[in-house]
Number of protein chains: 2
Amino acid sequence: MSTETLVPVFAALGDETRWSVLEALGDGEASASALAGRLPVTRQAIARHLSVLEGAGLVEAVRAGREVRYRVLASRLSATARRLDAIGAEWDRRLAAIREIAEGL
Amino acid sequence: MSTETLVPVFAALGDETRWSVLEALGDGEASASALAGRLPVTRQAIARHLSVLEGAGLVEAVRAGREVRYRVLASRLSATARRLDAIGAEWDRRLAAIREIAEGL
DNA sequence: GCTTCCTGCAATGATTCAGTTGCACAAGAC
DNA sequence: GTCTTGTGCAACTGAATCATTGCAGGAAGC
């Protein structure tokens, strides 16, 4: 997972409503219409959010007859967490090195 | 780190320019004016981004005379990564349980 | 066939956001 | 004291985004 694909994931996760959608999908896969029944937004709004989440690779669309069900891709979350952890560790390393140089002066 | 404070962090990380700012701060703490010399945006734009990053707890302001230097808080990154990993694991657990029930039918 | 439900596209409105310019003020440098 | 440099606030523009309503099409159910 490169840094370029990382930014859209964070952008997708940086919205409260989208977290509601993800939480609702935690009960199992569901269609946009089904989610609209549980959340205080219209079906179209949810469809847009699902499209954003799908673009970020956080959910996956599955056709089931005439309806389209969405399911969470937990692997994407884990991969993002790993990348974030690696970046944090890298920063720790660099900042520690800077501190060391500063003390050496 | 609660879920509420998590969303602003993701929103802050969901912007390419903000990543440029963070990367530039990886070389050590710097002021908004100094960063403006290295990035293709004005000082005010950078100041706004730094304000967002500070609000998310990703950077910290340090007064040094008349200038305000910002430094990365790598710990926030690590904490966010841990939370994300925990959420991913929780989803894995729930989705596995659902799958198990579905097979049991 | 007809009806019903779910999806998809288009247009609109309101809000937010990124970025700019301009100006005022404060603190070092000389 | 004067000049320079860094910061802060305010107003403005343009673009993106969130959410809405309305309507058309398509696939199952009867």
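Letters go in sequence order (proteins before strands), and every chain restarts at 1. On a predicted model such as this, the values are computed, not experimentally measured, just so you know.
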(message) By nearest heavy atom, map A:Val41 and B:Ala47 onto DNA chain D; which one lands nearer the 5' end?
(response) B:Ala47
(request) Please figure out whether A:Arg43 or A:Thr17 has its closest DNA chain D nucleotide nearer the 5' end. (result) A:Thr17
(request) Give a yes or no answer on whether the side chain of A:Ser51 reaches the backbone of A:Ala47 with a donor-acceptor pair at less than 3.5 Å. (result) no
(message) How long is the straight-line distance from CZ of A:Arg82 back to CG of A:Leu77, given to the nearest 0.5 Å?
(response) 11.0 Å
(message) Short of 4.0 Å, heavy atom to strand atom, which residues of residues 53-73 of chain A count as contacting DNA chain C?
(response) A:Arg66, A:Glu67, A:Val68
(message) Tell me if a side-chain donor or acceptor on A:Trp19 pairs with a main-chain N or O of A:Leu13 at a distance below 3.5 Å.
(response) yes
(request) Would you give the length of the straight line joining atom CG of B:Leu53 to atom CZ of B:Arg48, rounded to the nearest 0.5 angstrom? (result) 13.0 Å
(message) Has B:Arg38 got a side-chain atom pairing as donor or acceptor with B:Ala24's backbone, closer than 3.5 angstrom?
(response) yes
(request) Go through DNA chain D in 5' to 3' direction and return only the first and the last nucleotide with some atom under 4.0 Å of chain A's heavy atoms. (result) D:dC18 to D:dA28
(message) Surrounding CZ of B:Arg83 (heavy atoms of other residues, nucleotides or ligands, distance under 6.0 Å), is the total greater than 12?
(response) yes
(request) Over all heavy atoms of both residues, which pair between B:Ala74 and A:Trp91 is shortest? Give the atoms and the distance, please. (result) CB-CB, 4.0 Å
(message) Quick check for you: name the first and last nucleotides of DNA chain C, 5' to 3', having an atom under 4.0 Å from a heavy atom of chain B.
(response) C:dA18 to C:dG28
(message) Please check: side-chain N/O of B:Arg18 versus main-chain N/O of B:Ala12, any donor-acceptor pairing under 3.5 Å?
(response) yes
(message) Using only atom types and a distance under 3.5 Å, with no angle test, would you say the side chain of B:Arg71 pairs donor to acceptor with the backbone of B:Val62?
(response) no
(request) Go through B:Asp15 and A:Val7 one step at a time and tell me if the side chain to side chain contact (heavy atoms under 4.5 Å, CB included) criterion holds. (result) CA-CA 6 Å; B:Asp15 185 274; A:Val7 174; 5.9 Å; no
